[in-house]
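Below is one structure, written out as C-alpha cells; comments come after it.
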There are 2 protein chains.
Amino acid sequence: MATARIPEATVARLPVYLRSLTELAADGQATTSSDILAERAGVNAAKVRKDLSYLGTHGTRGVGYDVRHLVFEVSRALGVANTWPVIVCGLGNLGRALANHTGFTERGFPVVAAIDVDAELVGTTIDGVAVHSPDKLAEVVAAEGVAIGVIATPAAAAQETADLLVAAGIRSILDFSPTVVSVPPDVEVRAVDLSTELQILGFHLQRDLPPEVNL
Amino acid sequence: MATARIPEATVARLPVYLRSLTELAADGQATTSSDILAERAGVNAAKVRKDLSYLGTHGTRGVGYDVRHLVFEVSRALGVANTWPVIVCGLGNLGRALANHTGFTERGFPVVAAIDVDAELVGTTIDGVAVHSPDKLAEVVAAEGVAIGVIATPAAAAQETADLLVAAGIRSILDFSPTVVSVPPDVEVRAVDLSTELQILGFHLQRDLPPEVNL
DNA sequence: GTGCGCTTGTGAATTCGATCACGAGTTCCG
DNA sequence: CGGAACTCGTGATCGAATTCACAAGCGCAC
Ligand SMILES: NC(=O)c1ccc[n+]([C@@H]2O[C@H](COP(=O)([O-])OP(=O)(O)OC[C@H]3O[C@@H](n4cnc5c(N)ncnc54)[C@H](O)[C@@H]3O)[C@@H](O)[C@H]2O)c1
Ligand SMILES: NC(=O)c1ccc[n+]([C@@H]2O[C@H](COP(=O)([O-])OP(=O)(O)OC[C@H]3O[C@@H](n4cnc5c(N)ncnc54)[C@H](O)[C@@H]3O)[C@@H](O)[C@H]2O)c1
C-alpha cells in the first residue's frame, strides 16, 4: 500500500494536473487522455503518463483516464483533503495582498493570522485576519494550529522572522524576501524571488538580442 | 570572446550570487571564497565554483575571488547594466503591490505602465504608474519601450492578456495567475504560482507526518 | 627557495529528470 | 471473430545537473 517515492519534479506538476482535471470535470468531461492533459498542463504526454504512473494510478489502455477517479488520486497524493493553516508575517503591500487572497483558502491554505512589528497594525483585523505582535507568534501558532509560515517582511527582518517561525514549531516556510534564510534541515523553505525571476527573463532578453558591443 | 553557453540552472543562481557579492562588497570584503559564497547563497561550494567557471571567471587559487571583479563579471553575464521596462497587467491586490514595489526599479526593472479593464482605474495614476486600457497596450508598449509583461489579472483573463502582450511584441512574461498560458515558442513565460508552492509544502507536510489512515 | 596550507578549476562519476519507443490492453466496427 | 485505431504503462535511452575528488596554482613563513 505504500506509495512509492514520487520524484520532486513530479510533485511540482501535480497541482497543475489537478487544476486541469478540475476544469475538465467542470466541463462535464468523464474521461480524458494524456494528450489532453499534456496540452492543458503545458508539458508533453509521455511526462504526464510517467508522472501519473508514480501515483500507482491506472488509466485504461485504449481509453484514457477517468476524470473523477484521477482527481481523487491526485488529490490524495497531494493530500489536499488536509487543511494547512497559514500565518503571514509582515503585512505590507505584499502581505496584505496575500491575506486578502481568497484562492488560498479554497485550496486548503486559510490565512488564519498575521504578525507585524507595526504598532498601528497590531491588534487590528485586516481582511478578516487578526494581526499580532511577533512576540506572540508561538502562542498564535499553537492556538490556531498554524502549519505554514509566509515571510513577507523586508529582507532585513527575514532571517529573524524565520527563526521565530522555526522556534514556534513551523516546519514549512514560503519566503518572498530577496534573501536566503537558513533554517534547520528538517524545515522546508521555498523561496519565491520575484527579482530573480525578472533577472532571469532579463538574461534571456540580453542573450537573444546580442548585437551590442560590451564595455 | 564568446561566453560559452551557461546552463539554465546556473543562470537561476547568478542573481543570488550577485546579491551575496553586493552584500560582501558593502561589508568591505575585498576577497571571498567559494565556501563563503556557498554559505550565503545556500548551495554547496563545488556548485559555486562550477557555476562561476561558466562565466570564464578566474579566481585565484589559494586566495579566492576578488569581490569587485566578481560583481562585475556576474553583472555582465546577467546583463544588469540593461534596463528592462515592465508593464503590469491587472492592478488588483497583487498588481498594486508590484507596481508599488521599489526593489524592481533598483534592479533595472522599472514598472513604467499598467493596464486594467476597470474603467475607474483607467486614466488614473497609481503609485506613479499610469493606468491604461487594455486596447492601448500595443501603443503603450511601443511608447515606453516595454520589454517585460507581468500578468496579475484574474485567471480567466490571463490567456487573453498574454495574447495581447504577445501581439504587442512582448517576448518575456511573468505570470502570477494560476493557469498555464500558451504562447508562441519565441516567447518566454515564467509562471509564479503561489498556490502550487503551498501545495508542494503541503505535500511534504503530509508525507513527513503519515501516521494517519486514509479513506 | 622550499615547504605547507589554502583554494580554485575541472574531468569523472553519479544522480535525477525528460524523452523515446513500443508492447499490451481496450473498444469498436463490419 | 478479426483487425484497425487508440491509449496506457514502462523499460531503455538520453541529457542535464550535481557532486566528488584531486591536480595545479598561489602566498606566506621561515
Ligand atoms: N511588494 C512587492 O510586490 C514585492 C515584490 C517582490 C518582493 N517583495 C518582497 O516582499 C517583502 C515585503 O514587501 P512589501 O512590499 O510588502 O514591503 P512593505 O515594506 O510594504 O511591508 C513590510 C511589512 O513588514 C512589517 N515588518 C517589518 N519588520 C517586521 C518584523 N520583524 N516582523 C514582522 N513584520 C515586520 C512592516 O511593518 C511592514 O508592514 C520584502 O522583502 C520585499 O522585498 C515584495
Ligand atoms: N492576491 C494574491 O495574493 C494572489 C496570490 C496568488 C495568486 N494571485 C493571482 O494573481 C492574480 C491577481 O490577483 P489579485 O488578488 O490581484 O486579483 P484582483 O481581483 O484583486 O485584481 C485583478 C485585477 O485585474 C483587473 N482585470 C480583470 N480583467 C482584466 C483584463 N482582461 N485585463 C486587464 N486587467 C484585468 C481587474 O480589474 C482587477 O483590478 C489572480 O490570477 C490571482 O489568482 C493573487
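Quick note on labels: first sequence line is chain A, next is B, and so on, each numbered from 1.
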Minimal heavy-atom distance between Asp116(A) and Leu91(A), with the atoms involved, is OD2-N, 2.7 Å

Which parts of residues 33-42 of chain A get close to DNA chain D, meaning a heavy atom less than 4.0 angstrom away?
-> Ser33(A), Ser34(A)

Tyr65(B) OH to dC26(D) P: how many Å, rounded?
-> 14 Å

With a 4.0 Å cut-off on heavy atoms, is Thr57(A) in touch with a base, just the backbone sugar-phosphate, or nothing at all?
-> sugar-phosphate

Nearest-nucleotide pick for Arg61(A), side chain only, options being dT7(D), dG25(D), dT18(D) | dT7(D)

Expected output: side-chain Gln159(A) to main-chain Ser182(A) donor-acceptor under 3.5 Å | yes

Gap between atoms NE2 and C1', on His58(A) and dT10(D) respectively (whole Å) | 12 Å

With distance as the sole criterion, is a donor-acceptor pair present between the side chains of Ser33(B) and Asp35(B) under 3.5 Å?
-> no

Look at Asn44(B) and dT18(D) and indicate whether a side-chain polar atom (N or O) is within less than 4.0 Å of OP1 or OP2.
-> no

Between dA21(D) atom P and Lys50(B) atom NZ, what is the distance in whole Å?
-> 14 Å

Rounded to whole Å, the NZ-P distance (Lys47(A) to dC14(D)) equals 18 Å

Going by heavy atoms in the side chains, are Leu94(B) and Leu98(B) under 4.5 Å from each other?
-> yes

Quick one: does Glu197(A)'s side chain have a donor or acceptor within less than 3.5 Å of a partner on Arg190(B)'s backbone?
-> no

Should Arg19(B) and Asp193(A) count as an ion pair when the cut-off is N to O under 4.0 Å?
-> yes

From CD of Glu8(B) across to C1' of dG15(D) the rounded distance in Å is 15 Å

For Val63(A) and Ser53(A), take the nucleotide of DNA chain D holding the closest heavy atom to each; which residue's nucleotide lies nearer the 5' end?
-> Val63(A)

Nearest-angstrom distance from the residue atom CG of Asp66(B) to P of dC26(D) | 15 Å

OP1 or OP2 of dA16(D) less than 4.0 angstrom from a side-chain nitrogen or oxygen of Tyr54(B), does that happen here?
-> no

May I ask you to decide whether Asp27(A) forms a salt bridge with Arg40(A), counting only side-chain N to carboxylate O separations under 4.0 Å?
-> yes

Check every nucleotide of DNA chain C for an atom under 4.0 Å from a heavy-atom of chain A, then give the first and the last such nucleotide from 5' to 3'.
-> dG17(C) to dT27(C)

For the side chain of Arg49(A), counting heavy atoms from C-beta on, which of dC20(D), dT18(D), dT10(D) is nearest?
-> dT10(D)

Distance-only donor-acceptor check, side chains Glu8(A) and His204(B), under 3.5 Å = yes

Starting at the 5' end of DNA chain C, which residue's closest nucleotide do you reach first, Thr60(B) or Ala46(A)?
-> Thr60(B)

Could you tell me whether the side chain of Asp127(B) and the main chain of Val129(B) form a donor-acceptor pair under 3.5 Å?
-> no

